[in-house]
> 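For reference, the structure I am asking about is given below.
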Amino acid sequence: MKKFFACNLALFSIGGILYGMVEVLWRSYTHWSMLLTGGTCFTVLYRLFQKMRFCSLWYKCLTGSMVITAIELMAGYLFNIRMKLQVWDYSRQPLNFCGQVCPLYSFFWGILTLPILGLCRWLDRKFKL
């Protein structure tokens, strides 16, 4: 149990830091809530992809897109709507849902799943998390 907690904490930290870096590269800034969101996404995807070893690449990318979009929707509801932090706003994007998620960024999350998969494989081989 201790090892599982430590591994998840490591995954959460890796995901939070990397997502923060992606945000800084994309938007030139980030927000502390995005570190939590990125950490959650990476931890969930790592554990999910361990169970999806034999699934096709396109299916994993689709799954990654859906998982990240769902977590982004929950984070958006918490941080943007409930806490009124105004971290992001997709309301100008076509087919957005409450300004929190949209198809364009769901597509981007599917593409982002490719390097996430590579990192998950590397971590699995190197550390057996």
Side-chain angles (χ1 to χ4, degrees):
M1 186 64 160
K2 227 177 190 180
K3 183 182 178 196
F4 184 76
F5 178 77
C7 289
N8 282 337
L9 182 60
L11 293 169
F12 186 88
S13 300
I14 291 167
I17 290 167
L18 290 177
Y19 190 82
M21 290 169 54
V22 167
E23 276 246 301
V24 169
L25 289 172
W26 186 257
R27 303 194 309 171
S28 301
Y29 66 95
T30 192
H31 187 270
W32 62 265
S33 63
M34 293 295 86
L35 305 178
L36 299 177
T37 305
T40 302
C41 287
F42 189 69
T43 304
V44 169
L45 288 175
Y46 181 87
R47 295 300 179 193
L48 190 59
F49 291 151
Q50 282 184 317
K51 298 177 186 323
M52 296 177 65
R53 291 189 196 278
F54 302 108
C55 294
S56 67
L57 181 61
W58 74 267
Y59 188 74
K60 290 176 186 175
C61 288
L62 180 63
T63 300
S65 174
M66 291 188 313
V67 166
I68 295 169
T69 299
I71 293 171
E72 185 179 43
L73 179 60
M74 289 184 280
Y77 176 76
L78 176 63
F79 299 125
N80 292 332
I81 296 172
R82 297 288 293 172
M83 296 174 73
K84 300 188 185 322
L85 295 177
Q86 304 300 317
V87 181
W88 71 87
D89 182 5
Y90 295 148
S91 61
R92 292 187 177 159
Q93 296 293 326
L95 304 174
N96 74 83
F97 181 74
C98 298
Q100 303 310 303
V101 294
C102 68
L104 176 63
Y105 279 85
S106 293
F107 173 75
F108 289 155
W109 304 145
I111 293 171
L112 186 63
T113 299
L114 292 169
I116 290 171
L117 279 165
L119 180 57
C120 288
R121 278 193 213 120
W122 182 80
L123 287 169
D124 204 35
R125 280 195 310 266
K126 188 85 171 160
F127 300 105
K128 298 289 185 214
L129 301 176

> Got a sec, which residues hit salt bridge (charged side-chain N to carboxylate O under 4.0 Å, His left out) with R121, two or more places apart in sequence or on another chain?
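Once residues adjacent in sequence are excluded, R121 has no partner under the salt bridge (charged side-chain N to carboxylate O under 4.0 Å, His left out) criterion.
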> Anything under 3.5 Å between a donor and an acceptor, one on a side chain of residues 74-86, the other on a protein residue two or more places apart or in another chain? List them.
unit_1, atom_1, unit_2, atom_2, d
N80, OD1, V87, N, 2.7
N80, ND2, W88, O, 3.2
N80, ND2, Q100, OE1, 2.7

> Just one of L123, L117, I116 clears the side chain to side chain contact (heavy atoms under 4.5 Å, CB included) bar with L119, so which one?
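Among the candidates, only L123 passes.
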> Can you name the side-chain hydrogen bond (donor to acceptor under 3.5 Å, both in side chains) partners of W122, sequence neighbours left out?
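Counting only residues at least two positions away or on another chain, W122 forms no side-chain hydrogen bond (donor to acceptor under 3.5 Å, both in side chains).
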> Taking atom OG of S56 and atom CG of L62, what is their separation to the nearest 0.5 Å?
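CG of L62 is found 9.0 Å from OG of S56.
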> At what distance, to the nearest 0.5 angstrom, does CG of D89 lie from SG of C98?
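That separation rounds to 11.0 Å.
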> So which residues get pulled into L25's cluster when ILVMFWY side chains under 4.5 Å apart are joined, directly or through others?
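Noted: L25 shares its cluster with no other residue.
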> Could you report the tightest heavy-atom contact between I111 and P115, atom names first, then the distance?
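Closest pair (atom of I111, atom of P115, distance): O-CD, 3.4 Å.
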> Flag yes if I17 and L9 sit in one hydrophobic cluster, no otherwise; membership is Ile, Leu, Val, Met, Phe, Trp, Tyr, and two members link when side-chain heavy atoms are under 4.5 Å apart.
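As far as the 4.5 Å side-chain criterion goes, L9 and I17 are not connected within one cluster.
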> Does S91 offer a backbone N or O that forms a donor-acceptor pair with the side chain of N96 under 3.5 Å?
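Yes, because the side chain of N96 sits within donor-acceptor range (under 3.5 Å) of the backbone of S91.
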> Does any N or O in the side chain of S65 come within less than 3.5 Å of the main-chain N or O of C61, such that one atom is a donor and the other an acceptor?
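Looks like no, no N/O pair under 3.5 Å.
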> Any heavy-atom pair between the side chains of C120 and F42 that's under 4.5 Å?
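Side-chain contact under 4.5 Å: yes.
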> Of all residues at least two apart in sequence or in a different chain, which pass the ring pair (Phe, Tyr, Trp, His ring centres under 6.0 Å) check with F97?
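Result, ring pair (Phe, Tyr, Trp, His ring centres under 6.0 Å) vs F97: none returned.
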> Under the rule for side-chain hydrogen bond (donor to acceptor under 3.5 Å, both in side chains), what residues qualify as partners of T69, not counting sequence neighbours?
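Residues passing side-chain hydrogen bond (donor to acceptor under 3.5 Å, both in side chains) with T69: S106.
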> With N8, which residues qualify under side-chain hydrogen bond (donor to acceptor under 3.5 Å, both in side chains), at least two apart?
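Applying side-chain hydrogen bond (donor to acceptor under 3.5 Å, both in side chains) to N8 gives R47.
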> Using 0.5 Å steps for rounding, measure from the NZ atom of K51 to the CZ atom of F49.
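So the NZ of K51 and the CZ of F49 are separated by 13.0 Å.
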> Step by step, work out the side chain to side chain contact (heavy atoms under 4.5 Å, CB included) result for Y46 and D124.
CA-CA 9 Å; Y46 181 87; D124 204 35; 3.0 Å; yes
> Does F12 reach the side chain of T40, with side-chain heavy atoms less than 4.5 Å apart?
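Counting from C-beta outward, F12 and T40 do come under 4.5 Å.
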> Taking side-chain contact (heavy atoms from CB on, under 4.5 Å) as the definition, give me every residue that meets it alongside L35, ordered by chain and number, with sequence neighbours left out.
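L35 satisfies side-chain contact (heavy atoms from CB on, under 4.5 Å) with no other residue.
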> Roughly how far, to the nearest 0.5 Å, is the CE atom of M52 from the CG atom of L45?
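Those atoms lie 9.5 Å apart.
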> Identify whether V101 and L112 are in the same connected component of the hydrophobic contact network (ILVMFWY, side-chain heavy atoms under 4.5 Å).
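Per the 4.5 Å side-chain linkage, V101 and L112 are not co-clustered.
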> Any idea how F108 and Y105 line up, ring-wise: parallel (<30°), tilted (30 to 60°), or perpendicular (>60°)?
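F108 vs Y105 ring planes: perpendicular.
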> Apply ring pair (Phe, Tyr, Trp, His ring centres under 6.0 Å) to W58 and list each qualifying residue two or more places apart in sequence or on a separate chain.
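Checked W58 against ring pair (Phe, Tyr, Trp, His ring centres under 6.0 Å); zero matches.
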> State the CD1-SG distance between I71 and C41, to the nearest 0.5 angstrom.
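These two atoms lie 4.0 Å from each other.
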> So with a 6.0 Å cut-off around CE of M21, is the heavy-atom count from everything else above 12?
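12 or below, so no.
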> Less than 4.5 Å apart, side chain to side chain, heavy atoms only: is that true for L114 and L57?
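Yes - at least one pair of side-chain heavy atoms lies under 4.5 Å apart.
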> Of all residues at least two apart in sequence or in a different chain, which pass the side-chain hydrogen bond (donor to acceptor under 3.5 Å, both in side chains) check with T43?
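By the side-chain hydrogen bond (donor to acceptor under 3.5 Å, both in side chains) rule, T43 matches no residue at all.
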> Going by salt bridge (Lys or Arg N to Asp or Glu O under 4.0 Å), name the pairs with one or both residues in residues 9-24, residues two or more places apart or in two chains.
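For residues 9-24: E23-R27.
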> Give every residue pair that meets the salt bridge (Lys or Arg N to Asp or Glu O under 4.0 Å) criterion with at least one member in residues 61-79, sequence neighbours excluded.
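For residues 61-79, and leaving out neighbouring residues, there are no salt bridge (Lys or Arg N to Asp or Glu O under 4.0 Å) pairs at all.
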> According to a 4.5 Å side-chain heavy-atom criterion applied to Ile, Leu, Val, Met, Phe, Trp and Tyr, with indirect links allowed, do L48 and F127 form part of one hydrophobic cluster?
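Yes, same cluster.
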> In terms of hydrophobic clusters joined by side-chain contacts under 4.5 Å, are L18 and V24 together?
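Each belongs to a different hydrophobic cluster.
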> Group every Ile, Leu, Val, Met, Phe, Trp and Tyr by side-chain heavy-atom contacts under 4.5 Å, then state whether I14 and V22 land in the same group.
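No, it is not one cluster - the side chains of I14 and V22 are not joined through contacts under 4.5 Å.
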> T63 versus T113: any side-chain heavy-atom pair under 4.5 Å?
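With C-beta onward as the side chain, the pair stays apart.
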